[in-house]
Amino acid sequence: MWAETFRWHCIGGIRHATPELGGEREKTAEHPQKQRHTRAQTLRWEEEKREDGVKWSTLEHKGPVFAPPYERVPRNVRFYYDGKPLELSEETEEAATFYAKMLNHDYCTKDVFNTNFFKDFRKSMTSKEKEIIKDFRKCNFQEMHNYFQAESEKRKAATKEEKLAKKNENEALVKEYGFCMIDGHKEKIGNFRLEPPGLFRGRGEHPKMGMIKRRIQASDVSINCGKESHVPSPPPGQRWKEVRHDNTVTWLASWIENVQGQVKYIMLNPSSKLKGEKDHIKYETARRLDKVIDKIRATYRDEWKSKEMRVRQRAVALYFIDKLALRAGNEKDEDQADTVGCCSLRVEHVQLHKELNGKENVVVFDFPGKDSIRYYNEVEVEKRVFKNLELFMEHKKDGDDLFDRLNTQVLNEHLKELMDGLTAKVFRTYNASKTLQSQLDLLTDPSATVPEKLLAYNRANRAVAILCNHQRSVPKGHQKSMENLKEKIKAKRDAIDDCEAEYHDLKKAAKRGSVKEKVLADKKGKQLERLKEQLKKLELQETDRDENKTIALGTSKLNYLDPRISVAWCKKHGVPIEKIFNKTQRTKFLWAVHMADENYRF
DNA sequence: CGTGTTACTTAGTACGGCGTCA
DNA sequence: TGACGCCGTACTAAGTAACACG
């Protein structure tokens, strides 16, 4: 399947958008039919015969970029303890700067954050410093904070030349470390820099927020590369933790982060073939689900009546996952923020109402989901589901699991039996893409203008974002920007009124026969048309922006919507793809741009 | 079997650059 | 020409899910 897509990269006219990545590819573009036996094709074919789980044959890269070493603040920038300046050792000072940089952030108002920070701050101190610095409330980071603020201002106020020099420097770094060679192709790396030290910023009520994230040394880093490849050099005098040659994984480097003890990875950019293939497979799996979804739905509805509790619970949970696009809900540890998904819902997260706002059998969901984003939804459910929920909640109290006979492993094992490759998250992909397709069908008027079609597209996209609960905080200055827009619209309307009046006068004059005035009237008419078009565009923008204020469209576009649906829609309705996908998205979805024609259906 | 480990996808936010508009 | 606001991008946390291990 992928070989077919990949050939598109070479086909006439559509030159690869990123030549620096594809320079070595075949250039015989004129006769796609004759390409069958080019070298690139043969290689690709061989690559596809790989053993199970093998992801690449050759991999070479220059290793990750380390965070810049700590630079001490000038001597006149001081830390104060108990009202008096106190000189700090280098390590302690660095820790202090982490906090100083965040001084005006919300995090610094939280006890957990401050307590965790202070505990780690003290760990970084010399025994002498420990003797003195015992009370967080006596610490004063203000001068340091001011210093960093001033530095940031300085950076902003730098001259064009200085900024350009910096930009060039960064580009050189990207050029050297930002790419790797994998199976003979140059590919962009996603994150080639190691995470710099700083304070851990967990989301929601995270028990570890404020802890210090240690600086990463070469001796913390594992390198993964091809057996025959040149091993990246560690910084002078240092050694990597380990060098391996594991071609069953896609990461280039990894290390263990100290706050949560998780492994972090350096991986490829989404534009890479490896990621693209995986993405393609994801949507193909979702499309396979479409073929069996009716049967699956019939089955789980049937199982609402099962005499086995675990089957009933599984069936109700699956119904939620399907209907509401809930996440699976893996169990979490105590030392993480308390968030839940479907399988981990607890009694306090749902309320049952025989009747609510004119609807019957209403379940009110209210729980913190991924990233502690609130999920709130009043849902009318089938009576049988309602009855089952009453049963599941019998004799339970807050804190008890709603689905006590279910977890994600059990659920996914069941799903695997229903369809090869089916897991809970496939439903989210499936329902998101399905919704986009059907909403586009519903909302697109083929005779509409491009701006109108774009509003339709955004509305379809929005329907998905709402389904998946992709939220954002109202952007700073949203209200003001709306007011500005309204102002503009008013100005435009006034301009139209004026123009209209002039147009009428000119038309009258033209009727009296003067050729010159006739031309003028024509011109005015055209101007009027243009103004009206501009007004329409502004009004559409107004609607779009307001409807969008708390909804994030990007996440679904990037992760849930089969890009071929959007590509096909653009081709079918004469909308330039750039109106829908920005440059990054176009590179990520290059495969889809080439693969889908206007007739593609999800 | 249940628990930890590993690898990979999905997520919101911070920030800087750039275009726009007065 | 400078302020302003928006967008793209970088960043990294937080999910999912498979698998290893004992």
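What you see is a predicted model, and the numbers here were worked out from it, not measured in a lab. All chains are named by letter (A, B, ...) in the order of the sequence lines, taking the proteins before the strands, and each is independently numbered beginning at 1.
- The nucleotide whose nearest atom lies closest to any side-chain atom of A/Asn330 is, among C/dT12, C/dT16, C/dA14, C/dT16.
- Applying the side-chain hydrogen bond (donor to acceptor under 3.5 Å, both in side chains) test to A/Lys434 and every residue at least two apart in sequence or in another chain returns A/Asp290.
- Between A/His349 and A/Phe367, the ring-plane angle classifies as perpendicular under the 30° and 60° cut-offs.
- Phosphate contact (OP1/OP2 of B/dC8, side-chain N/O of A/Lys55, threshold under 4.0 Å): present.
- With A/Asp220 contributing its side chain and A/Gln217 its backbone, the two residues share a donor-acceptor pair below 3.5 Å.
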Exercise. Given pairs defined as Watson-Crick or G-U wobble with both distances under 3.5 Å, what dot-bracket annotation applies to DNA chain B, with ( ) intrastrand, [ ] crossing, | other strand and . unpaired?
Worked result: ||||||||||||||||||||||
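- Summarising the geometry, the separation between CD on A/Glu257 and P on B/dT6 is reported as 14 Å, rounded to the nearest angstrom.
- Two residues, A/Lys282 and A/Ile256, neighbour DNA chain B, and the one matched to the more 5' nucleotide by heavy-atom proximity is A/Ile256.
- Listed pair A/Gln262 / C/dT12 fails the phosphate criterion, with no side-chain N or O lying under 4.0 Å from OP1 or OP2.
- With hydrogens and angles ignored, the 3.5 Å screen pairs no side-chain donor or acceptor of A/Trp56 with any backbone N or O of A/Thr248.
- Between A/Lys557 and B/dA11, a side-chain N or O to OP1/OP2 separation shorter than 4.0 Å is absent.
- Heavy-atom distances to DNA chain B give each of A/Asn559 and A/Trp251 a nearest nucleotide, and the one nearer the 5′ end belongs to A/Trp251.
- In summary, of the residues considered (A/Val340, A/Val316, A/Leu345), a side chain to side chain contact (heavy atoms under 4.5 Å, CB included) with A/Leu402 occurs for A/Leu345 alone.
- As rounded to whole Å, 16 Å separates atom P of B/dT9 from atom CZ of A/Arg327.
- Below the 3.5 angstrom threshold, one finds no donor paired with an acceptor across the side chain of A/Lys425 and the base of B/dT10.
- Comparing A/Arg193 and A/Asn582 by the nucleotide of DNA chain C that holds the closest heavy atom to each, the one mapping nearer the 5' end is A/Asn582.
- With 3.5 Å as the limit, one finds a donor-acceptor pair spanning the side chains of A/Ser556 and A/Asn461.
- Per the geometry, CG belonging to A/Asp333 stands 17 Å off P belonging to B/dG2, to the nearest Å.
- Counting to the nearest Å, the P atom of B/dC18 and the NZ atom of A/Lys160 are 11 Å from each other.
- At distances below 3.5 Å, not a single donor-acceptor pair connects side-chain atoms of A/Asp335 with backbone N or O atoms of A/Pro207.
- Here C/dA13 presents its C1' atom at 16 Å from CD of A/Glu205, a figure rounded to the nearest Å.
- Among B/dG16, C/dT12, B/dC8, the nucleotide with an atom closest to any side-chain atom of A/Arg155 is B/dG16.
- The NE2 atom of A/His206 sits 9 Å away from the P atom of C/dA13 (whole-angstrom rounding).
- The separation between A/Trp56 atom CH2 and B/dC8 atom P is 11 Å, rounded to whole Å.
- OP1 or OP2 of B/dG12 has at least one side-chain nitrogen or oxygen of A/Thr555 nearer than 4.0 Å.
- In this structure, A/Lys275 reaches the B/dT9 phosphate: one of its side-chain N or O atoms is under 4.0 Å from OP1 or OP2.
- Here C/dA17 is the nucleotide among C/dA17, C/dT12, B/dC8 with the atom lying nearest to any side-chain atom of A/Ala328.
- For A/His245 (side chain) and A/Cys225 (main-chain N/O), a donor-acceptor pair under 3.5 Å exists by modelled atom type.
- OP1 or OP2 of B/dA14 has at least one side-chain nitrogen or oxygen of A/His105 nearer than 4.0 Å.
- For A/Asn412 and C/dA17, the shortest distance from a side-chain N or O to OP1 or OP2 is below 4.0 Å.
- Taking for each of A/Gly190 and A/Thr339 the nucleotide of DNA chain C with the nearest heavy atom, the 5'-most of the two is the partner of A/Gly190.
- Remark: A/Lys213 is not positioned above the aromatic ring of A/Phe200, lacking an NZ or CZ atom under 6.0 angstrom from the ring centre and at most 45 degrees off the axis.
- OP1 or OP2 of B/dA11 lies within a sub-4.0 Å distance of a side-chain N or O belonging to A/Tyr560.
- Per the geometry, CD belonging to A/Glu334 stands 14 Å off P belonging to B/dT3, to the nearest Å.
- Among C/dG15, C/dA17, B/dC8, the nucleotide with an atom closest to any side-chain atom of A/Thr423 is C/dA17.
- Residue A/Lys370 has its side chain nearest to C/dA14 when only C/dA14, B/dG16, C/dA17 are considered.
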